[in-house]
Protein chains: 2
Amino acid sequence: MVADTWLEQLHDNGYRVTAARRAVVDTVHSSTHALTPIEVYDQARKKYRVLGLVTVYRTLEKLEELHLIQRVHQPQGCQAFISAGIGHQHLLLCKNCGDVAFFEGDDLDALTASIAKKTGYQIQEHWLQLFGLCGKCK
Amino acid sequence: MVADTWLEQLHDNGYRVTAARRAVVDTVHSSTHALTPIEVYDQARKKYRVLGLVTVYRTLEKLEELHLIQRVHQPQGCQAFISAGIGHQHLLLCKNCGDVAFFEGDDLDALTASIAKKTGYQIQEHWLQLFGLCGKCK
DNA sequence: TACTTATTGAAAATGATTTTCAATAGCGAA
DNA sequence: TTCGCTATTGAAAATCATTTTCAATAAGTA
Ligand SMILES: [Mn+2]
Ligand SMILES: [Mn+2]
Ligand SMILES: [Zn+2]
Ligand SMILES: [Zn+2]
């Protein structure tokens, strides 16, 4: 499975590759939905029955630290994680089924320049997230 | 104080105007920083000593319901609230001092149209938030 | 002023996340 | 391969944020 890259990254950063971590990594890596720790736990336990919820938290923490996953902020809550895109990407979430798509190529330079001028702020980062209905749900 | 509008709104929606609510409303209304429930509690207690933290939660809930305040999502957490802007506005946050500015006039129509085409999604809403340094901090 | 009932704060309950700890297992060195 | 060090594990306890319960109080209308 393609999740091998994540395991390699863990290993290259001095973390051990264990059965518990493999189960968590497989689960999160293969999901197109943002998953909460409990959801990861439930799914990963199908692959590795003795997994503990604490280990899910600890593994997610490391994956986030390595920028392999990212936290997804939504009106209903902000505990879910999803595979991080490569490079500068943003999320597009289906309000019906929760499916997540990535997109890039947003050009906010003109906007940020104008806002910087108006507000006197020096702008460094932006969060942009779109919500709607996916092809199947609309 | 200008917070009277919020109190009127509470009253017009069938909620009673109490000393506890006045203290919470004054605090949140006059802040240019996003405040967590505990922070609201600490500040509001200077105005109304016997205030309970539960009442802060309950009042914030009502203010949010009436769209007078909004939750602010940040890397460090998503529990803080700030006065909601009027109409369609977005936030610009100072990463140093936490000061919040509002802006409007973003035009994402071209972007969303292009993303809709590429992804097959029907786009309904967007979240946009900028981070940087305010005039004083930069 | 009197009455109805929304609101209050304290305390307990809940839910999510973190810490502690002794047993285990990954992995680099020999 | 085997060995030994130590990172990792899961259970249980602790912590932290938020919600619920409840009896006393006070807002607002008649
Ligand atoms: Mn958030
Ligand atoms: Mn906008
Ligand atoms: Zn969908
Ligand atoms: Zn600042």
Side-chain angles (χ1 to χ4, degrees), chain A residues 3-4 6-28 34-66 69 71-81, chain B residues 3-4 6-28 34-66 69 71-81:
Chain A
D4 284 349
W6 290 15
L7 296 174
E8 267 173 45
Q9 292 249 31
L10 283 170
H11 186 262
D12 292 351
N13 283 78
Y15 296 122
R16 294 181 181 172
V17 175
T18 67
R21 285 182 180 161
R22 253 188 279 267
V24 171
V25 162
D26 276 5
T27 300
V28 180
L35 300 175
T36 62
I38 284 280
E39 288 169 342
V40 172
Y41 176 68
D42 288 338
Q43 294 195 27
R45 253 158 64 96
K46 293 173 187 163
K47 300 168 184 170
Y48 183 64
R49 206 166 295 106
V50 298
L51 178 67
L53 178 58
V54 206
T55 299
V56 172
Y57 276 96
R58 289 190 280 224
T59 305
L60 291 175
E61 190 178 75
K62 286 174 179 59
L63 293 175
E64 189 181 26
E65 174 195 317
L66 298 177
I69 62 173
R71 187 178 292 270
V72 177
H73 298 261
Q74 287 182 267
Q76 321 93 50
C78 307
Q79 323 79 358
F81 291 89
Chain B
D4 284 348
W6 289 16
L7 295 174
E8 268 174 42
Q9 292 250 30
L10 283 170
H11 186 262
D12 292 350
N13 283 79
Y15 297 120
R16 295 182 181 173
V17 174
T18 67
R21 285 182 180 161
R22 253 189 278 269
V24 171
V25 162
D26 276 5
T27 300
V28 180
L35 300 175
T36 62
I38 284 281
E39 289 168 343
V40 172
Y41 176 67
D42 288 339
Q43 293 195 28
R45 254 159 64 94
K46 293 172 187 162
K47 300 168 184 171
Y48 183 64
R49 206 168 296 105
V50 298
L51 177 68
L53 178 57
V54 207
T55 298
V56 173
Y57 276 96
R58 290 190 279 224
T59 305
L60 291 175
E61 189 177 75
K62 285 174 179 56
L63 293 176
E64 189 182 25
E65 173 195 318
L66 297 178
I69 62 172
R71 186 178 294 269
V72 177
H73 299 261
Q74 287 181 267
Q76 322 94 50
C78 306
Q79 323 79 357
F81 290 88

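Order of the sequence lines sets the chain letters (A, B, ...), proteins ahead of strands, with each chain counted from 1. This structure is a prediction, so every number in the text was calculated from the model and none was measured.
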How close or far is atom C1' of C/dA13 from atom OH of B/Y57, stated in whole angstroms?
15 Å
Under 4.5 Å between any side-chain heavy atoms of A/T27 and A/Y41, yes or no?
no
Judged by each residue's nearest nucleotide on DNA chain C, which is more toward the 5′ side, A/T18 or A/L53?
A/L53
Euclidean distance, atom CZ of residue A/R58 to atom P of D/dA7 [Å, nearest integer]:
14 Å
Quick one: A/Y48 OH to C/dT24 P, roughly how many Å, whole number?
13 Å
Rounded to the nearest 0.5 Å, what's the gap from CD on A/Q76 to CD on A/Q79? Could you check?
9.5 Å
Side-chain N,O (A/H11) to OP1/OP2 (C/dG28) below 4.0 Å:
yes
Drop me the distance from B/E64's CD to B/T59's OG1, to the nearest 0.5 angstrom.
13.0 Å
Working to the nearest 0.5 angstrom, can you tell me the gap between A/D26 CG and A/K46 NZ?
13.5 Å
A/Y41 OH to D/dT9 P: how many Å, rounded?
14 Å
If I take atom CD in residue B/E39 and atom P in nucleotide D/dA17, what distance separates them, rounded to the nearest angstrom?
11 Å
Backbone of A/R16 reached by a side-chain donor or acceptor of A/R21 within 3.5 Å:
yes
Would you kindly give the CZ-to-C1' distance between A/R71 and C/dA16, to the nearest whole Å?
12 Å
Figure out the CD/P separation between B/Q79 and D/dC16, and round it to whole Å.
14 Å
Let me know the distance between OH of A/Y15 and P of C/dG28, rounded to the nearest Å.
16 Å
Taking OP1 and OP2 of D/dA7, is either one under 4.0 Å from a side-chain nitrogen or oxygen of A/R21?
no
Would you indicate which nucleotide in C/dT7, C/dT19, D/dT18 comes nearest to any side-chain atom of A/V54?
C/dT19
With DNA chain D as reference, determine whether A/A19 or B/V17 sits nearer its 5' end, using the nearest nucleotide of each.
A/A19
Answer with yes or no whether B/R16 presents, from its side chain, a donor or acceptor under 3.5 Å of a partner atom in the base of C/dT5.
yes
Give A/L51 one of three labels, base, sugar-phosphate or nothing, depending on what nucleic acid heavy atoms sit under 4.0 Å from its own.
sugar-phosphate
